[in-house]
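To keep things clear, I will list the structure first and then write my remarks on it.
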Amino acid sequence: MATDKIQDIKNRFEIVGNAPALNRALEVAMKVAVTDMNVLVIGESGVGKENFSKIIHSLSKRKHNNFIAINCGALPEGTIDSELFGHEKGSFTSAVDTRKGYFETVDGGTIFLDEIGELPLETQSRLLRILESGEFLKVGSSKVQKTDVRLVAATNRELLDLAQKGRFREDLYYRLSTVTIQLPPLRERPEDIPMLWAKFSSDLADRYRVPPLELSPEAMILVQGFPWPGNIRQLKNLVEQVFVLETDRVISGEAIAKYLPAAPRISSSLMYTGQDNSGQSTASYQERELMYKFLYDIRREISDLRSLVLDMMKGYSSPNTSGMINPNSMDFSGGNKYYDGQLPYRPLPASSDYQPASSTPQVIFHADDSSDTYDSTIDTESTPVSDSLSLSRNEKDLIERALTRHRGKRRQAASELGISERTLYRKIKEYNIEE
C-alpha cells in the first residue's frame with residue numbers, strides 16, 4: 001500500500017526514479033505532511049527540493065490555503081525583512097505605503113524558504129521568534145502580530161558548519177530541523193538516469209514532434225558514470241542541448257562525450273571546502289568518497305587481471321603423462337570464468353627429473369617463437385620476467401574471442417570476461433579492436 005502511494009506521488013509531481021534513498025525521502029515527506037512540524041530539506045542544488053515542499057503542502061490540512069516559495073538568496077539584504085514581515089508607511093525612504101509581508105499574507109498556509117542559509121543574522125532572529133511563538137513585528141512598527149504558518153526550509157549548505165563560523169544561529173537550526181529530509185544527489189542514483197533521460201527526451205519529442213533521443217550502450221555508460229554536479233537540472237539541460245544540436249536520434253559515446261566536461265568538478269555548497277586551523281583547504285567528504293571508489297575499481301580490475309595471468313601460467317606448468325601439456329583438454333569451467341581453454345599448444349621437454357611447478361610460478365616464456373621449449377629451471381625471484389608483451393597480447397586475444405563468441409554484444413562479452421562494460425569499452429579503445 002505504501003508503495004502504491006509513493007508511486008501516486010511520483011506520477012502527480014513528475015518525480016522519476018526508484019532509488020531507495022529517493023523512495024525513503026518520499027516516505028518521510030508523506031508521513032510528516034499530516035502534521036504541523038517544521039521540515040528541513042537538505043540536498044545539493046538541482047535535486048528537486050522545492051518539489052518536496054509542494055508534496056508536503058498538498059498532503060497537509062493546509063492544502064486549500066496559500067503556498068508560497070521564496071528563494072532567500074534572491075532577496076536583497078536591505079529589503080528582506082520588509083519582504084518577509086512587511087513594513088509601515090515611512091519606516092524607510094521608499095516606504096510610501098504600508099505593506100504586508102509574506103508571513104502575514106500566507107497566514108494559515110505554508111511558506112517554503114529555499115537557501116535559508118543565506119538569511120542575514122538579524123532576519124534569522126525574527127524568523128526564530130515566529131517559529132517559537134508565531135509572533136512578528138513589521139519593519140517600523142511596535143505592534144506585535146500573530147501568524148499561523150507552516151514552514152518548510154531547504155538548504156544546500158551545512159548549517160552547523162555555518163553556525164560554528166557565526167553565520168547561522170544554532171538555535172534556529174534546531175527549530176527548523178524538527179524533521180529532516182535528505183535528498184540524494186544524482187551521482188548516487190545512477191540507476192535512475194536512463195529513466196530521467198527517457199522522460200526529458202520524450203517531453204521534447206512530444207513538444208517538437210520529432211523522434212526522441214536514445215543513448216547507445218557506450219553513451220549510457222558515460223552518462224551514468226558522470227558525477228553530475230548540477231544534478232537533475234544539469235541532466236535536463238544536457239538533454240535539451242543534445243536534442244537541438246545532434247541530428248542522429250541514437251547518440252553514440254563519442255557524440256555524448258563532447259557535451260560532458262573532460263574533468264568535472266563537483267562544486268556544491270553541501271561540499272563546502274573549509275579551512276583547517278593552519279589555513280589550508282580541506283577536501284570535501286564527497287570528493288574523497290569518489291576518489292576511494294575510483295581507486296577501488298582500479299584495484300579490483302588489477303586483481304582480476306592478475307588472477308587471469310596466474311591461472312594461465314599454472315596451466316602451462318602442469319605436466320601430463322606424455323610429458324606435454326595440452327591446455328585445450330583442460331576443464332576450466334569451475335576455476336576461472338575469464339578463460340575458455342583455448343591456449344596455444346606447446347610441448348614440454350620429456351624428462352624424468354621434471355618436477356611440478358610450485359604455487360609460485362617458476363616458468364618463463366621465451367620471446368623467440370622459433371624455440372618450442374621452456375626453461376623451467378630459472379628462478380623468477382632472482383631473474384626478472386618480462387611478460388608485459390604477452391600479457392597485453394593474451395588480454396587482447398581473450399577480448400576478441402569473447403566479442404566474436406557473442407557476435408559483438410559487449411554486455412554479454414563483459415559478463416563472460418568478468419569485467420564491467422565500461423572497462424571492456426576502454427580496453428577495446430586501448431587495443432584498437434575492430435568489432
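Since the model is a prediction, treat every value here as computed from it, not as a measurement.
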Lys/Arg N to Asp/Glu carboxylate O, [X] vs [Y], below 4.0 Å:
X      : Y      : answer
Asp161 : Lys165 : no
Glu416 : Arg405 : yes
Glu88  : Lys143 : no
Lys146 : Asp107 : no

Subject >> Pairing residues for Ser82 by the side-chain hydrogen bond (donor to acceptor under 3.5 Å, both in side chains) criterion, not counting sequence neighbours >> reply: His87
Subject >> Residue list, side-chain hydrogen bond (donor to acceptor under 3.5 Å, both in side chains) with Ser53, at least two apart or on another chain >> reply: none
Does a side chain donor of either [X] or [Y] reach within less than 3.5 Å of an acceptor in the other side chain?
X      : Y      : value
Lys236 : Asn231 : no
Asp81  : Thr123 : yes
Asn156 : Lys49  : no
Tyr431 : Glu395 : yes

Subject >> ring-ring contact (aromatic ring centres under 6.0 Å, His included) involving Phe168 - partner list, sequence neighbours excluded >> reply: none
Subject >> Pairing residues for Phe103 by the ring-ring contact (aromatic ring centres under 6.0 Å, His included) criterion, not counting sequence neighbours >> reply: Phe85
Original post:
What are the two closest heavy atoms between Arg150 and Ser60, and how far apart are they?
Top reply: NH1-CB, 4.0 Å
Got a list of side-chain donor-acceptor pairs under 3.5 Å for residues 64-75, not counting sequence neighbours?
residue : atom : partner : partner atom : Å
Asn65   : ND2  : Gly108  : O            : 2.8
Asn66   : ND2  : Thr105  : O            : 3.2
Asn71   : OD1  : Gly73   : N            : 2.9

Subject >> Pairs satisfying ring pair (Phe, Tyr, Trp, His ring centres under 6.0 Å), at least one member in residues 236-260, at least two apart >> reply: none
